[in-house]
Amino acid sequence: MTSTPPEVEQLLDRSHTLGADPRNTNYAGGNASAKGTVQDPVTAQDVELMWVKGSGGDLGTLTQAGLAVLRLDRLRSLVDVYPGVDREDQMVAAFDYCLHGRGGAAPSIDTAMHGLVEAAHVDHLHPDSGIAVATAADGEELTRRIFGDRVAWVPWRRPGFQLGLDIAAIKAESPQAIGVILGGHGITAWGDTSVECQANALEIIDAAERHIAEHGRADPFGPVVYETLPETERRERAAALLPLIRGLASTDRPQVGHYTDGEAVLDFVSRAEHPRLAALGTSCPDHFLRTKVAPMVLDLPPDAPLEDLRSRLRELHEAYRADYQAYYDRNADAGSPAMRGADPAIVLVPGVGMFSFGKDKQTARVAGEFYVNAINVMRGAEALSTYAPIPEPEKFRIEYWELEEAKLRRMPEPKPLATRVAFVTGGGSGIGAATARRLAAEGACVVVADRDLAAAEKVAAEIGAKAFKASDVATAVAVDVTSEEQIAAALRAAVLAFGGVDLIVNNAGLSISKPLLETTAGDWDLQHDVMARGSFLVSRESAAVMIEQGMGGDIVYISSKNAVFAGPNNVAYGAAKADQAHQVRLLAAELGGHGIRVNGINPDGVVRGSGIFAGGWGAKRAAVYGVEEEKLGEFYAQRTLLKREVLPEHVAAAVFALTGGELTHTTGLHVPVDAGVAAAFLR
């Protein structure tokens with residue numbers, strides 16, 4: 001087994017250290033490299049290699065598999081065939097001919113920067129303080145003032161082979177230099193050892209931070225013009241606005257949302273200069289590739305009536321789309337990729353915060369994090385000078401770069417439920433837990449709602465265990481579906497977590513098995529409160545969100561075979577399930593005009609993993625049928641036509657079948673999942 005070269009171990013350690021601190025670089029931003037000599041397994045001769053973070057990786061979580069490995073002699077020979085800056089994109093394909101060995105990550109556009117610079121270790125980072133200097137109107141003078149001759153200035157140039165040549169020339173001509181400020185972009189540092197390289201990068205970042213703190217103006221964003229709402233009121237207003245904003249941001253394609261009300265955001269949107277600065281857009285390519293060229297900014301005070309805010313948001317969205325179309329038309333040429341969509345990725349609301357959007361929760365969250373980076377950059381640049389991002393045509397060249405387009409084409413096809421937000425009641429066990437897991441596996445963001453919060457949290461944690469951040473996939477909320485207040489609060493939490501809701505599974509339930517003469521009014525009320533009334537309340541509150549979004553949606557009722565089958569000692573449960581079954585028909589008729597489909601599932605005999613059966617219902621039903629409780633699942637199976645036991649996963653599969661995209665024209669349907677009970681056939 002080949003051992004890991006020490007240079008690689010040092011590179012990974014350095015990357016993790018730098019990437020773990022957001023002061024140094026943003027998520028998946030920047031890259032680092034190391035050069036070293038190993039024995040070629042074919043020739044047994046020494047060969048000089050470079051290991052560099054591959055395209056799309058993240059420094060903080062980088063592994064050896066995320067490194068591109070290139071032969072340095074071949075990489076540097078590309079200088080002899082370089083066709084010039086007008087055709088420099090062709091060099092990216094040439095990197096593949098410089099690779100060493102099998103596997104490894106695809107080389108990024110910054111590979112030349114690392115390979116051409118004569119230094120054993122190189123870091124390219126996007127620190128807020130460094131980009132603040134890089135985007136200041138007098139950035140070159142500031143670089144001299146802050147760093148003297150230890151750091152050089154490189155005027156803006158799009159990332160690529162020529163930028164690598166430019167930096168390599170500076171390194172060769174300035175032996176005293178430890179790095180460069182890249183105009184409009186970020187920083188690059190180098191060193192003979194990994195420790196020296198890291199120290200040099202941190203020296204640049206720290207010196208820029210200190211200079212901003214010691215010499216910058218105190219209020220670079222101007223005076224406060226919008227007061228920030230108190231936290232409770234702020235989050236309530238965010239939850240009220242988010243479904244509409246998500247719907248607007250999903251005009252071209254569905255999006256997941258993320259809400260941010262951190263101090264940096266709230267201060268920015270409260271100040272007089274934020275509309276001017278927001279309109280200038282972001283500068284660092286990593287920023288605006290995720291945040292779009294500029295955000296949409298609401299221009300009303302936060303305490304304005306909600307309907308006024310909603311009306312203005314619709315107007316601003318229409319104007320934003322027109323402006324974005326004009327931006328595309330101004331800059332596109334015959335070879336430009338088609339416009340990807342004209343909706344905003346970032347929406348700023350004074351007094352409330354920021355809403356960010358993406359194809360999944362992680363993308364939406366990271367877009368928000370990048371805009372916080374952009375706010376910090378604007379603050380630093382305005383504190384020292386005037387914020388001056390790269391020109392619009394250059395932004396367009398980056399945003400609609402063919403290399404970026406090729407990267408998008410390599411992305412895997414989205415899963416069937418991608419961008420959809422599911423809310424599953426009774427999600428802490430049994431059918432609910434199996435359904436939550438299945439919907440998440442098919443790409444949905446899932447809110448696991450249960451009266452037992454610990455059980456819901458356990459399911460959500462299991463779902464999120466493989467995610468970079470568990471809350472990007474699933475979250476848990478406590479809800480007793482007999483409480484209107486708790487249902488409203490749980491749905492607000494869902495909206496704040498993912499931007500809205502699209503797929504409701506009314507699964508919460510219980511059962512008390514008694515003969516008619518022993519069934520109390522309390523037994524009747526409890527079962528109807530949980531299942532009939534609870535489903536109605538959840539459907540009503542979630543339908544309001546879906547209608548506000550304007551994106552359609554699904555409501556699925558987990559009813560029962562007992563909704564149509566008349567069994568003994570079951571009057572309260574059967575009647576409550578029949579109520580649920582008719583709600584499906586009633587709501588399908590009412591909500592179809594909003595694109596909301598309502599369907600039901602009629603399971604039977606789901607014993608294994610069931611909270612209902614474990615809570616005493618199983619023992620009572622076993623007594624009714626004269627079988628041992630542990631044999632109840634087998635008993636139910638034998639009375640079916642297929643002689644098969646029904647498991648929670650079978651019901652979850654039916655939920656997916658109804659919502660996964662194949663039955664787009666089906667509503668008002670009940671699907672039996674009972675292995676065949678002739679007495680419960682639908683007529």
Side-chain angles (χ1 to χ4, degrees), residues 232-233 235-244 246 257 259 306 420-433 435-436 439 444-457 459-460 474-510 525-549 551 553-559 576-577 579-584 586-587 590-591 594 596 598-600 611-612 655 659:
T232 299
E233 185 180 348
R235 296 180 75 80
E236 286 180 355
R237 181 137 290 202
L241 293 174
L242 235 176
L244 170 65
R246 180 187 180 215
Y259 170 57
L306 266 175
R420 306 202 69 192
V421 180
F423 184 93
V424 183
T425 67
S429 64
I431 292 172
T435 300
L439 297 180
C445 301
V446 179
V447 180
V448 184
D450 202 288
R451 187 176 62 171
D452 183 346
L453 180 59
E457 288 175 335
V459 173
T475 190
V477 294
V479 60
D480 181 338
V481 296
T482 66
S483 166
E484 291 185 72
E485 293 76 15
Q486 289 192 35
I487 290 170
L491 282 163
R492 281 197 301 272
V495 168
L496 291 175
F498 300 115
V501 290
D502 310 291
L503 198 169
I504 302 298
V505 182
N506 276 315
N507 169 72
L510 81 163
D525 289 344
L526 177 59
Q527 292 179 91
H528 280 73
D529 282 351
V530 171
M531 291 177 288
R533 183 174 180 272
S535 295
F536 148 69
L537 291 173
V538 171
S539 296
R540 186 188 69 185
E541 294 300 316
S542 60
V545 175
M546 293 182 195
I547 291 169
E548 182 80 348
Q549 289 174 163
M551 300 166 63
D554 283 283
I555 300 176
V556 179
Y557 280 68
I558 307 300
S559 184
K577 286 298 182 181
D579 186 310
Q580 284 186 310
H582 198 47
Q583 283 185 40
V584 168
L586 292 166
L587 296 187
E590 181 174 344
L591 298 176
H594 298 287
I596 300 171
V598 187
N599 293 292
I612 289 178
V655 175
T659 60

Residue list, side-chain contact (heavy atoms from CB on, under 4.5 Å) with A489, at least two apart or on another chain: R492

Picking from L306, T232, L242, what satisfies side-chain contact (heavy atoms from CB on, under 4.5 Å) with R237? L306

The reported gap from CZ in R540 to CD1 in I487 (rounded to nearest 0.5 angstrom) is 8.0 Å

Measuring from atom CG of N507 to atom OG of S559, what distance do you get when rounded to the nearest 0.5 angstrom? 11.0 Å

Given side chain to side chain contact (heavy atoms under 4.5 Å, CB included), test T482 with V530 step by step and report yes or no. CA-CA 6 Å; T482 66; V530 171; 3.8 Å; yes

Locate the shortest heavy-atom distance separating L439 from A422; write the atom from each residue and the value. CD1-CB, 3.7 Å

Shortest non-hydrogen contact between S535 and Q580, atoms and distance: OG-NE2, 2.7 Å

To the nearest 0.5 Å, how far apart are CG in L526 and NE2 in H528? 11.0 Å

Side chains of I555 and L591 in contact at under 4.5 Å (non-hydrogen atoms): yes

Quick one: do F498 and R246 satisfy side chain to side chain contact (heavy atoms under 4.5 Å, CB included)? Show the steps, please. CA-CA 10 Å; F498 300 115; R246 180 187 180 215; over 6 Å; no

What is the distance from atom CD of Q583 to atom CG of N506, rounded to the nearest 0.5 Å? 7.5 Å

Quick check: closest heavy atoms across M546 and D554, and the distance to 0.1 Å? CE-O, 3.6 Å

Report the residue from I504, V505, V598, V538 that forms a side-chain contact (heavy atoms from CB on, under 4.5 Å) with Y557. V598

Given side chain to side chain contact (heavy atoms under 4.5 Å, CB included), test I558 with V655 step by step and report yes or no. CA-CA 9 Å; I558 307 300; V655 175; 3.9 Å; yes

Shortest non-hydrogen contact from D480 toward Q486: N-OE1, 2.8 Å

For a quick test of reading the model, state the closest non-hydrogen atom pair linking A436 to V459 and the distance between them. CB-CG1, 4.4 Å

Would you say the side chain of Q527 lies within less than 4.5 Å of the side chain of L510, judging by non-hydrogen atoms? yes

Looking only at heavy atoms, which two atoms of A433 and G428 are closest? And how far apart? CB-C, 4.1 Å

Evaluate the side chain to side chain contact (heavy atoms under 4.5 Å, CB included) criterion for residues E548 and V495: first the C-alpha distance (whole Å), next the side-chain angles of each, then the deciding distance (0.1 Å), finally the verdict. CA-CA 12 Å; E548 182 80 348; V495 168; over 6 Å; no

More than 12 heavy atoms of other residues, nucleotides or ligands under 6.0 Å from CZ of R451: yes or no? no

Donor-acceptor pair, side chain of R235 and main chain of L496, under 3.5 angstrom: no

Between CD1 of I547 and CD1 of I596, what distance do you get to the nearest 0.5 Å? 5.0 Å

Any R533 side-chain heavy atom under 4.5 Å of E484 side chain: yes

